Amino acid sequence: MTPSRDARFTDDLAAWFSSAARDLPWRRSRNGYAALVSEAMLQQTQVSRVIEKFSTFMERFPTVQSLANAEEQQVLAAWQGLGYYRRARHLHAAAKKIMTDYDGQVPRDVVQLRTLPGVGRYTAGAIASIVFSHPEPIVDGNVQRLLARLDARHSPPVEEIWIRAEQLVRVAEKPGVFNEAMMELGATICTPKSPRCDACPVAQHCSARKRKMQSEIPVPKAAPRQEHVHHHAVVVMRRNLLLVEQRPETGLWSNMWQVPTFESMTALSAQSLAEQLKFRVNDLTKRESFTHMTTHRRISFHVFAGRTRARRGHWLQIDDTGELPMSAAQRRILDLAQQWFATPV
DNA sequence: AATGCGGGGAC
DNA sequence: GTCCCAGCATT
């Protein structure tokens, strides 16, 4: 495609975006810190999910300094429900690095941005272009699909997509607007399935549309194998206190909290579970089961109730568990426990 | 180049 | 049920 055609494409896209842009919390006031937080949250996460979390996180940690000074557990707790909790740890570490290495100011260029934990090629380009108007390309899932369709390519190598994105952002009048508009179009019009080409502001530029092959792009990729595991969660109350434990510092839900949970490849009976637990438990009874899906696992949660005379471990009031970072599945278990507590069987 | 890492909305 | 999302770090 020639530069002039590219320029017409970017012009049409920008014109559409000026009237179609959604009113999103992080678009209200642009600054490096808000962009860093929102972009971290938006990694592999849909806009609607981030809207729920962004404002409360910003109120809790309004500045780079406040985030840098926070405890990691507080940051994780503020991230609860968003998933991919490593992002929260990286964001926390990034805030510390900004304080020590960048005088408290989010860096403006991609080279410096890339030195921050959790900031990769996409995030650096997004902040540099959207906040600081640098002509840096970005490629996310939306842009990848959109450019593949624009040029009628079934499975273009991602590196070629980056080159194409760079060509386009170079001729765009406002790089940040162009980048945001590309993602907005991908999220709202040029969707993975059933793209709404009739409503597309750049349909006349689209090679896939011209060849009626837009629905063949992108080609579906093979789903990753899922292993099936069983998590046996044990709700133990002593008077009004609940026994909780911290997960290991590696792997799934690392460093987060849970009621004592034992993982195994098969579902265990109450008796065999009792033998696996690190503490003595009486009257262990299976109460509920539910399935929790993650990207690589299908987890069957089996929720047991029991009693113990053991004293060791962390005991806290069930109402106070809100301070601890816990997975959505463990939150669900606490909800069940509270129901039992309210209406004992 | 593959893999691990969450959770939920859309279909 | 499946797909996929404003990706990144590690191996």
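Quick note on labels: first sequence line is chain A, next is B, and so on, each numbered from 1. In this text the structure is predicted, and so the values were computed from the model without any measurement.
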How would you label the contact of [X] with the nucleic acid (heavy atoms, under 4.0 Å): base, sugar-phosphate, or nothing?
X	answer
A:Ile138	nothing
A:Ser194	nothing
A:Arg145	sugar-phosphate
A:Thr191	nothing
A:Arg298	sugar-phosphate

Contact under 4.0 Å: A:Tyr85 side-chain N or O vs B:dG7 OP1/OP2 | yes
Hey, is the side chain of A:Trp79 poking within less than 4.0 Å of OP1 or OP2 on B:dG6, counting only N and O atoms?
-> no
DNA chain C-proximal residues of residues 46-74 of chain A, any heavy atom under 4.0 Å = A:Gln46, A:Val47
Just checking, is any N or O donor in the side chain of A:Asn179 or A:Ser129 under 3.5 Å from an acceptor N or O on the other one?
-> yes
Kindly say whether, by distance alone, the side chain of A:Thr45 makes a donor-acceptor pair under 3.5 Å with the base of B:dG7?
-> no
Side chain of A:Thr123 only, please: which of C:dG7, C:dA6, C:dC4 is the nearest?
-> C:dG7
Are A:Trp16 and A:His205 close enough that their ring centers fall under 6.0 Å?
-> no
Centres of the A:His302 and A:His230 rings: under 6.0 Å?
-> yes
